[in-house]
Amino acid sequence: MSFILMIAVVLLQIIARYALPWAPNWTEELARFCFIYLVSMGAALAVKDNGYVSVNFLLDRLSPKYKSLLENIILVCIIGLMFTQFVVSLPLMEIVSIQRSPSMNLNMAFMYGAMAIMGLSVAFYSTLKLIEKNR
């Protein structure tokens with residue numbers, strides 16, 4: 001939905017610039033917000049579906065036992081990093097909750113919430129992947 005909304009808003013801006021006497025000033029801001037949420041949710045889906053880029057030249061040279069061990073270490077590091085991002089983003093959301101976006105007058109805690117969503121969802125899918133891998 002975020003991608004469709006972003007495409008629609010950008011198309012509106014393009015059409016308004018060339019076909020209308022005025023162009024809405026909020027479209028750029030909304031497109032940026034949609035992109036931020038799109039990336040945040042896409043990161044979690046990439047972990048879930050193994051869609052992220054990886055360099056395997058080191059992993060391919062290891063024995064299956066050490067390859068599995070290194071993959072587990074990588075997943076634990078991802079879980080730790082993303083959980084830390086989630087925890088750190090909560091007070092940050094509280095700090096920015098007094099700010100409003102310039103064009104749309106949205107509470108900026110909503111935008112910084114994308115960091116919390118990304119941290120929690122990537123940590124969740126990485127944990128599921130770690131559990132599934134070690135069954």
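Because the structure is predicted, anything quoted here is derived from the model rather than measured.
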field: Backbone of E94 reached by a side-chain donor or acceptor of S97 within 3.5 Å
entry: yes

task: Working to the nearest 0.5 Å, report the span between CG of L62 and CZ of F57.
output: 10.5 Å

message: So Y125 and I78, do their side chains get closer than 4.5 Å, heavy atoms only?
response: no

- request: Search all heavy atoms of V10 against all heavy atoms of A31 and return the closest pair with its distance.
  value: CG2-CB, 4.0 Å

Hydrophobic cluster identity match, L120 and L130, side-chain contacts under 4.5 Å: no

- request: Is it possible for you to say whether W22 and L11 belong to one hydrophobic cluster, with membership spreading through side-chain heavy-atom contacts below 4.5 Å?
  value: no

- prompt: Looking at side-chain heavy atoms only, is the closest gap between M111 and Y37 below 4.5 Å?
  reply: yes

message: Hydrophobic cluster membership, with links at side-chain heavy-atom distances under 4.5 Å among I/L/V/M/F/W/Y: are V47 and M115 in one?
response: no

query: If you count the non-hydrogen atoms of other residues, nucleotides and ligands that lie under 6.0 Å from CD1 in I98, is the total more than 12?
result: no

query: Are the side chain of Q13 and the backbone of A23 linked by a donor-acceptor contact shorter than 3.5 Å?
result: no

- prompt: Do side-chain atoms of S40 reach the backbone of I36 as a donor and acceptor pair under 3.5 angstrom?
  reply: yes

task: Following the transitive rule for hydrophobic clusters with a side-chain heavy-atom cut-off under 4.5 Å over Ile, Leu, Val, Met, Phe, Trp and Tyr, establish whether L38 and L45 coincide in one cluster.
output: no

field: Interatomic spacing from CG in L12 to CG in L30 - rounded to 0.5 Å
entry: 9.5 Å

- prompt: If you group Ile, Leu, Val, Met, Phe, Trp and Tyr by side-chain heavy-atom gaps below 4.5 Å, do L81 and L75 land in one group?
  reply: no

task: Any chance you could measure S103, atom OG, to E29, atom CD, to the nearest 0.5 Å?
output: 4.0 Å

query: Closest heavy-atom contact between N107 and V96?
result: OD1-O, 4.0 Å

task: Over all heavy atoms of both residues, which pair between I79 and S126 is shortest? Give the atoms and the distance, please.
output: CG1-CB, 3.5 Å

- request: Please indicate whether I4 has more than 12 foreign heavy atoms, meaning atoms of other residues, nucleotides or ligands, lying under 6.0 Å from its CD1.
  value: no

message: For the OH atom on Y52, are there more than 12 heavy atoms of other groups (residues, nucleotides or ligands in this structure) within a distance under 6.0 Å?
response: yes

task: Evaluate the side-chain proximity of D60 to K67: yes if any heavy-atom separation is below 4.5 Å, no if none is.
output: yes

- prompt: Should we say atom NZ of K48 is surrounded by more than 12 heavy atoms from elsewhere, each under 6.0 Å from it?
  reply: no

query: Roughly how far, to the nearest 0.5 Å, is CE of M108 from CZ of F110?
result: 10.5 Å

message: Is it the case that atom CZ in R100 sees more than 12 heavy atoms from other parts of the structure closer than 6.0 Å?
response: yes

query: In Å and rounded to the nearest 0.5 Å, what is the CZ to OG distance from F33 to S2?
result: 12.0 Å

Validation row: I95, Y112 side chains within 4.5 angstrom (heavy atoms): no

message: Let's go through F83 and T127 carefully: what are the C-alpha distance in whole Å and the side-chain angles of both, what is the deciding distance for side chain to side chain contact (heavy atoms under 4.5 Å, CB included) to 0.1 Å, and is it a yes or a no?
response: CA-CA 11 Å; F83 187 73; T127 303; over 6 Å; no

statement: All heavy atoms of M118 vs all of M82, minimum pair found to be O-SD, 4.3 Å

field: Minimum-distance pair of heavy atoms, taken over all atoms of V9 and T27
entry: CG1-O, 3.1 Å

field: Nearest heavy atoms of E71 and K133, plus distance in Å
entry: OE1-CE, 2.9 Å

- prompt: Is any side-chain heavy atom of M41 less than 4.5 Å from a side-chain heavy atom of S121?
  reply: no

query: CZ/R32 to OG/S101 distance, rounded to the nearest 0.5 angstrom?
result: 9.0 Å

